[in-house]
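Notes follow the structure.
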Amino acid sequence: KNVDWNRFVDTLSGVEVIRDRPQVEKLSKDYYYFSPILQTQLADKTADLVVRPKSEAEVLAVAKACVAERIPLTVRGAGTGNYGQCIPLAGGVILDLSRLNAVKWVKPGMACVEAGAKLAAIDKVTQPQGWEIRMYPSTYRTATIGGFIGGGSGGIGSIMYGQLRDRGNLNAVRVVTLEDEPRVLELRGDDVQQVNHAYGTNGIITELEIPLGPVYPWAEVIVTFDNFMTAARFGQALGDTDGLIKKLISVHAAPIPSYFAGLKAYLPEGCHAALLMVAEPSMELFQELVKEFGGTVTYHKPAEETGKKTLLAEFTWNHTTLHARNVDPSLTYLQTLFPYDPELKLVQHMHEHFGDEVMMHLEFFRVGGAVIPAALQLVRFSTPERLQAIIDYHEANGALIANPHTYLLEDGGMKTINPVQVDFKAQVDPYGLLNPGKMRGWLERMAG
Ligand code: FAD
């Protein structure tokens, strides 16, 4: 489609526009390259230009201009997604919301923030008042709250509060539509699920009300083990011990700890390791659990020293993959949900079945009241066919794979089309301009 971009920019008087080619290319990308499959599919996808609004009124102006010319619009927070969520498949405009970043108010247990606010920046405002965001990805320092809701799932804190998709973890949103006359809608209650984790395909979130949790003094702890399954069962037991307050239970089979150069001093060669965040007042009785499992505490950074230097969390969740790929760029990863089983039999089976080809990395979190391990296994990639065979084997044995090697919303998640989100798109984005090509439910509906 031929667009007169100079004229388009003129209609946006006052809104910051980026047209410098290298910058536009950079702002068209995320961390899709963790996947060798997405690398080949997305490397050449670039927007025509980037706009960076500072207010909801400016977002409305951009929306109106895009609808008028039928220009695709893809929302971007910080671009730390892993599945090419914010990479524009059909060119057009990138709407970079990083300047829409105010914390509007904080009340006990709740904050109202603009979508481009960085997660760490929100905590900086709320923590002195005794409250903090309930969960964050390991990209805490860079990711935005809008991007986390749009494209993330959970992370540090999910052992207490579950995932972003769980009722109670997102209170309300303001959403700009892409109708002929764009509107601002306020969604509250279960209506927030219409846009929660929709890759920005059915509305531009400009503002969110997010529930907060009480601040604890969080200690960072590493416990090492001689045996992987003992480490895994220790993780499960810590998760199941409700009286011990914790925010992170991340368990790594050898040789994964050897990829953590910054933690070398605390990770003896060949060890299996649990990287943890435990509330300082729980530390004394936590030591009893460590003793019970025969673990060794090799690192304990007290709460008053955390926040200084390296954050332990930045070795967990998908930062594990990042550190491993820094050492060996041929590595990729999987995302697996294991069924609830305190004995971890399927984890053990997969660990033994694949051996060094699929290195076990578990993140414990809470699902429907039960603690289960999610895995972000490191995979020694050989061919796409072999990767698919590994995925198929997991699914045939009852472990659900949230496939990180697809940019399609549904295929990367629960596999099922969410008709509520597709209906909402039909209502607010009738021309299908928002992040086109990412929502399978919409593509199928359009194909009839
Ligand atoms: P972006 O990547 O910019 O956007 C993500 C998606 O949301 C895109 O589809 C975009 O179009 C959409 N979007 C962005 N803003 C809006 C908006 N205002 N309205 C509507 N749609 C919007 N994720 C986890 O869940 N947990 C983790 O622990 C985790 N660890 C990671 C570790 C590493 C090293 C990396 C590279 C990624 C990790 N991720 C993780 C993925 C990602 O960092 C997070 O999901 C992050 O919260 C995304 O935020 P962002 O601002 O970078 O979003």
Side-chain angles (χ1 to χ4, degrees), residues 27-35 47 53 56 59 63 72-89 93-101 113-121 133 135-158 163-165 173-178 187 194-208 248 250 313-326 333 335 361 363 365 374 376 402 404 407-409 412-413 421 425 428-429 434-439:
L27 292 169
S28 298
K29 291 294 183 338
D30 62 10
Y31 285 73
Y32 72 109
Y33 55 84
F34 279 18
S35 161
E56 191 177 76
V59 173
L73 183 156
T74 302
V75 189
R76 177 186 177 90
T80 66
N82 287 116
Y83 330 125
Q85 293 109 303
C86 71
I87 298 183
L89 299 180
V93 166
I94 293 280
L95 185 77
D96 176 336
L97 288 182
S98 58
R99 296 278 156 83
L100 191 75
N101 58 12
V113 297
E114 289 183 333
K118 289 188 189 303
L119 298 167
I133 47 179
M135 66 193 75
Y136 54 80
S138 56
T139 46
Y140 176 64
R141 293 203 244 199
T142 44
T144 67
I145 183 69
F148 190 36
I149 294 293
S153 56
I156 295 107
S158 287
Q163 290 186 286
L164 287 175
R165 71 163 67 94
V173 285
R174 282 169 70 87
V175 176
V176 167
T177 70
L178 253 73
L187 306 179
Q194 294 175 132
V195 295
N196 194 356
H197 198 77
Y199 289 6
T201 56
N202 64 4
I204 305 164
I205 301 169
T206 51
E207 198 176 292
L208 312 90
L248 173 68
S250 181
E314 288 178 353
F315 292 88
T316 69
W317 290 84
N318 222 13
H319 263 77
T320 304
T321 315
L322 181 122
H323 290 287
R325 283 178 45 82
N326 281 345
Y333 72 116
Q335 299 182 136
H361 160 199
E363 295 289 345
F365 71 131
L376 291 103
Y407 55 71
L408 284 173
L409 171 65
Q421 292 196 341
K425 183 170 175 75
V428 304
D429 181 24
L434 279 168
N435 205 357
K438 302 284 175 61
M439 185 192 260

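One is the number of the first residue; the rest follow in order along the sequence. For ligands, and for the atoms within them, numbers begin at 1 and follow the listed sequence.
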What part of [X] sits under 4.0 Å from ligand 1 if we count only heavy atoms: the side chain, the backbone, both or neither?
X: N435; answer: side chain
X: I205; answer: both
X: Y31; answer: side chain

Any N/O of [X] closer than 3.5 Å to an N/O of ligand 1?
X: R76; result: no
X: L322; result: no
X: V75; result: yes
X: T74; result: no
X: D30; result: no
X: G81; result: yes
X: A78; result: yes

Considering [options] one by one, which has a heavy atom nearer to [atom] than any of the others?
atom: atom 25 (O) of ligand 1; options: S153, S98, P88, G77; result: S153
atom: atom 5 (C) of ligand 1; options: A374, G203, A117, G147; result: G147
atom: atom 48 (C) of ligand 1; options: T80, I94, L164; result: T80
atom: atom 37 (C) of ligand 1; options: L95, N318, N82; result: N82
atom: atom 26 (N) of ligand 1; options: G84, G154, S250, G155; result: G154

Which residue supplies the protein heavy atom nearest to [atom], what is that atom called, and how far is it?
atom: atom 33 (C) of ligand 1; value: T139 CG2, 3.5 Å
atom: atom 21 (N) of ligand 1; value: G200 CA, 3.2 Å
atom: atom 8 (C) of ligand 1; value: Q85 CB, 3.4 Å
atom: atom 27 (C) of ligand 1; value: P137 CB, 3.3 Å
atom: atom 30 (N) of ligand 1; value: S138 OG, 3.1 Å
atom: atom 1 (P) of ligand 1; value: G79 N, 3.6 Å
atom: atom 51 (O) of ligand 1; value: T144 OG1, 2.7 Å

Considering only heavy atoms of [X], which atoms of ligand 1 have at least one such atom less than 4.0 Å away?
X: A143; value: 46 (C), 47 (O), 49 (O), 51 (O)
X: A115; value: 18 (N)
X: G152; value: 25 (O), 45 (O)
X: L97; value: 18 (N)
X: H319; value: 32 (C), 33 (C), 34 (C)
X: Y199; value: 9 (O), 11 (O), 12 (C)
X: W317; value: 28 (O)

Measure from the side-chain N and O atoms of N435 to the backbone N and O of Y199, and report whether any donor-acceptor pair falls under 3.5 Å.
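Checked: pair present.
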
Looking at A78, is its backbone amide N or carbonyl O close enough to the side chain of K118 to form a donor-acceptor pair, meaning the two atoms are under 3.5 Å apart?
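Here the side-chain-to-backbone pair does not exist.
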
May I have the step-by-step check of side-chain contact (heavy atoms from CB on, under 4.5 Å) for L97 and V59, ending in yes or no?
CA-CA 9 Å; L97 288 182; V59 173; 4.0 Å; yes

Looking only at heavy atoms, what is the nearest atom pair of A198 and T201, with distance?
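Looks like O-OG1, 2.7 Å.
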
Nearest heavy-atom pair of I94 and R76: which atoms, and what distance?
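For I94 and R76, the tightest heavy-atom pair comes out as CG2-CB, 3.8 Å.
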
Using side-chain heavy atoms (C-beta onward) and a distance below 4.5 Å, is [X] in contact with [Y]?
X: N82; Y: T321; result: no
X: N101; Y: T144; result: no
X: M135; Y: F148; result: yes

For this output row, return yes or no: ring centroids of Y33 and Y31 closer than 6.0 angstrom.
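When the ring centroids of Y33 and Y31 are compared, they turn out to be within the sub-6.0 Å range.
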
Using only heavy-atom distances, determine whether the side chains of S138 and E314 contain a donor-acceptor pair under 3.5 Å.
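No.
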
Test T320 against L376 for side-chain contact (heavy atoms from CB on, under 4.5 Å), laying out the working first.
CA-CA 8 Å; T320 304; L376 291 103; over 6 Å; no

In terms of ring plane angle, is the pair F365 and W317 parallel, tilted or perpendicular, where the classes change at 30° and 60°?
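The arrangement is perpendicular - the two ring planes meet at more than 60°.
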
